[in-house]
Amino acid sequence: MHRWTPLNDRQLALLTRIGEESDPVTSDSPGLALTARALKEQGLITMPQEGGRWQAEVSDAGRFYLQHGHHPNRPEPTPRRSRTTAVATAVTRASEPPEPETPAEPKPRVQRVPKARQPSSAEIGAALIAEVQQAGRFLRIPDPGAAERARYRRAFDAARQCPPAGYHLKYTGRAKGDICFGLLRVSGEDDTEWNRIRLARSRTLTDIDDVIAVVEKDHSAFEVSEEVLPRVLSLLRLFAERAFALHGEITVSRKRKQPRPLLTVHGITYEMSFRERQRQVRYVPKQPGRRTYDWQRVTPTHRFEPSGELELRLGIKTEWADTKGKRLEDQIDAVFKVLKARAREQERARLKYEAEQRRLREEREAEQRRLQEERASQEAERQRLEAEKRQRRQEKWEAAVSVASIKAVDAARAETFGTALDQWRAAGEIRAFCDALDDAADQAEDPVEAESLREWSAWGRSEADRLDPVLGRRRGLRGRNFHAEPTGDQLRPFLDGWHPHRPEKEKPSAKPAPAQPEVRPEPERSRAFSDERLDRGWRYGRPGRAQWWRR
C-alpha cells in the first residue's frame, strides 16, 4: 500500500474527527487504535506519547487530504499507451534526421478546474441521522435501486459511528425490498416497534398498488357499496402519497383474513376503516301475488339505502366524514394535522413519563446512597469501638502479664532454690549415714557383713553425689538460668484468668469432682512380732513433702 492510497470510509471518518479536534482520539479508545496507526503510516496524523498515553493529531498532509481529497504526494495521472506503440514511436524518432532547432513557443497554460468537494463520511452520517429523526426515528425507503441502496448502505456505515447520545442506528433491507432505518433508544424501549417493522417486511404489503389491488379484491372489512369502492381506493392512494411525503406508509397484513389498511405516520400506526352512511327512504311495500291500486290506502314504511357519503375512522376519538361543504378528499390535511398533534402529545407524555421515571430513579439512588453512607458510618463506628475495646483489652493483658512475670520469676526461683536446698540436705544426711555404715563395717567381725555394709555405703555416697545440687551439673543450680523467662504454665496462676499468650480470657476448666478417699483394708498383722507399719517405706528428706529426686 502506497502513502497516497485513497482512504476508506472508516479511515476518512476518523481523519475528519481528528481534524475537527472536537472529540479527541486518545489511547482510551482502543477500538480506533488500528485505524489511527494506518493513518500514521500514511503520514496523515501523528501520535505523540506522554506518560505511556498517546493522542492523535492531524498533520499538514492530513489537512491537505481533508481539503483536496487526496494525499499531497500522489503522483499526477498519466495517459496509458501500449508498449508496442511506445516502442514504434521511439524507433521512428531515432531513424528520422534531426530537425533544425527552432525557438520553442510558449505553451498556453491550461487552467485546471478544481474538483467539487466531496462530503465527508461524518457529514453523510449526520445527514442520514437528521433524515431519520425528521421521519420520527423510523424511515422507510420503498424498494430503491441498486445504486441508491449502495449509497444508503455507505451512509449507514458512516452514521452508526456517530449516533446521538442514548440512541443507536439499525437498518434492514440490505439486498432487496424496502430499506427501513430505525434510531432506537439504547434502553430497549423501541425494540418491540423495531421488531414489528423488521418482521413486517415479509408479513405485510407495502407497495400502494398491491394494497389497492388487495382491497379491491376483498373489501368486506369496509361497509361500502360497489358504487363507492372506486372512491375508497382513490382515498387510499391520496393518503398513501401524503403519508409517504411525511416518511409514512400504508400497508396491509398478509396474515389477516380481511385486508385492513394500516396507516403509519409519525411513528404511530392506525387502522383505517371506511363506512358508507345510510339514508332513510320511504317506500310503499308491495305484497307478492296481490295487486295494489292507486285509490287504495297503504301505510308507507322506511328503509335504509346507501347514501354515497363516506366516514373515516382511525381508532381515535376524532372521526371524519363527508359534509355538504367539504368531502373527505378535502379533509386530508386536517386528518394529518390531527395525527401530528396526537403524535406530539404522545411524545410529550412519553417524555414526561421518562422524566418522572428518571426522577424516581434518582430519588431511589439518592436514598440508596444515603443508606449506604449510613451503614458505612455505622460500620466505621463499630470498628472504632471494636478497636478501642481491643486496645483496652491489650493494655489490661500487657499489665497483667507484666505483673505476673515478676511473680512467676520469683516463684520459679523460690521453687528451684527450695528443691535444691532439700536435695542438698538429703545428700548431707545420706553421707552421714554412709559414714555410720563405714564405722559399722570397721567394727564388724564378719567379713561378709562388713563387705555388704561397705557396698551400701559406696552406693549411698554415689547417690548423694548425684543428688547434691552443688556438685551436679545438669540437675544442680549450675545448669539453671537465674534470669530465665517464665513459661506460659508458670504465668497462668498469676494472670487472674488471662491467657498467657493472647489478650483474652481463658475459660475456667471444669473442676473435677472431689475424689473419694480410698479405703484401704487394714493389713493383717503378722503373727511374728514387728513394730513397723507395712504400708510405709523409707524416703529421703523431710516427711510430708515430695522429693524431686525421687521422680
Inset, instruction - Take atom NZ of Lys396 as the centre, draw a 6.0 Å sphere, and report whether it contains more than 12 heavy atoms from other residues, nucleotides or ligands. - result: no
Inset, instruction - Decide if atom CD of Glu398 counts as having more than 12 heavy atoms of other residues, nucleotides or ligands within a radius under 6.0 Å. - result: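 Enclosed: over 12 neighbouring heavy atoms sit under 6.0 Å from CD of Glu398.
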Inset, instruction - Any chance you could lay out the side chain to side chain contact (heavy atoms under 4.5 Å, CB included) test for Glu354 and Leu351, step after step, and finish with the verdict? - result: CA-CA 5 Å; Glu354 290 181 354; Leu351 294 177; 4.0 Å; yes
Legend entry - Whether Phe274 and Phe239 hold their rings parallel, tilted or perpendicular, with breakpoints at 30° and 60°: perpendicular
Inset, instruction - Check the angle between the aromatic planes of His70 and Phe64 and answer parallel, tilted or perpendicular using the 30° and 60° thresholds. - result: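 Plane angle over 60°, so perpendicular.
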Legend entry - Residue pair Tyr270, Arg342: steps toward the side chain to side chain contact (heavy atoms under 4.5 Å, CB included) verdict: CA-CA 12 Å; Tyr270 307 91; Arg342 189 168 183 270; 3.1 Å; yes
Give a yes or no answer on whether the side chain of [X] reaches the backbone of [Y] with a donor-acceptor pair at less than 3.5 Å.
X      : Y      : answer
Thr172 : Cys180 : no
Thr16  : Leu12  : yes
Arg327 : Ala321 : no
Asp322 : Leu328 : yes
Trp397 : Arg502 : yes
Ser307 : Arg277 : yes
Arg275 : Glu223 : no
Asn195 : Asp191 : yes
Arg153 : Arg174 : yes

Measuring from [X]:[atom1] to [Y]:[atom2], what's the distance to the nearest 0.5 Å?
X      : Y      : atom1 : atom2 : value
Ile268 : Glu193 : CD1   : CD    : 9.5 Å
Asp190 : Lys170 : CG    : NZ    : 10.5 Å
Thr251 : Arg260 : OG1   : CZ    : 13.5 Å
Lys389 : Gln383 : NZ    : CD    : 14.5 Å
Met47  : Ile18  : CE    : CD1   : 8.0 Å
Trp320 : Leu310 : CH2   : CG    : 14.5 Å

Quick one, [X] and [Y] - any side-chain contact, counting heavy atoms below 4.5 Å?
X      : Y      : result
Ile141 : Tyr152 : yes
Ile124 : Arg154 : no
Glu386 : Arg382 : yes
Leu14  : Leu7   : no
Lys40  : Thr46  : no

Inset, instruction - Kindly indicate, with the supporting measurements, whether the criterion side-chain hydrogen bond (donor to acceptor under 3.5 Å, both in side chains) is fulfilled by Gln372 and Gln368. - result: CA-CA 6 Å; Gln372 290 178 358; Gln368 291 177 358; 5.3 Å; no
Legend entry - His499: partners by ring pair (Phe, Tyr, Trp, His ring centres under 6.0 Å), with sequence neighbours left out: His501
Inset, instruction - Scan side-chain atoms only and decide if Glu226 and His219 contain a donor-acceptor pair under the 3.5 Å cut-off. - result: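 Side-chain D/A pair, Glu226 to His219: present.
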Inset, instruction - With Leu183 as reference, evaluate Val132, Leu139, Leu128 under the side chain to side chain contact (heavy atoms under 4.5 Å, CB included) test and give the passing residue. - result: Val132
Inset, instruction - Under the side-chain hydrogen bond (donor to acceptor under 3.5 Å, both in side chains) rule, collect the residues that match up with Glu276, sequence neighbours excluded. - result: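 Partners of Glu276 by the side-chain hydrogen bond (donor to acceptor under 3.5 Å, both in side chains) criterion, ordered by chain and then number, come out as Ser225.
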Inset, instruction - With Arg242 as the cation and Phe336 as the aromatic partner, state whether NZ or CZ is under 6.0 Å from the six-membered ring centre and within 45° of the axis. - result: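 Relative to the ring axis of Phe336, which defines the angle, Arg242 lies inside both limits.
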Inset, instruction - Check step by step if side-chain hydrogen bond (donor to acceptor under 3.5 Å, both in side chains) holds for Ser220 and Gln258. - result: CA-CA 7 Å; Ser220 60; Gln258 293 179 326; 3.2 Å; yes
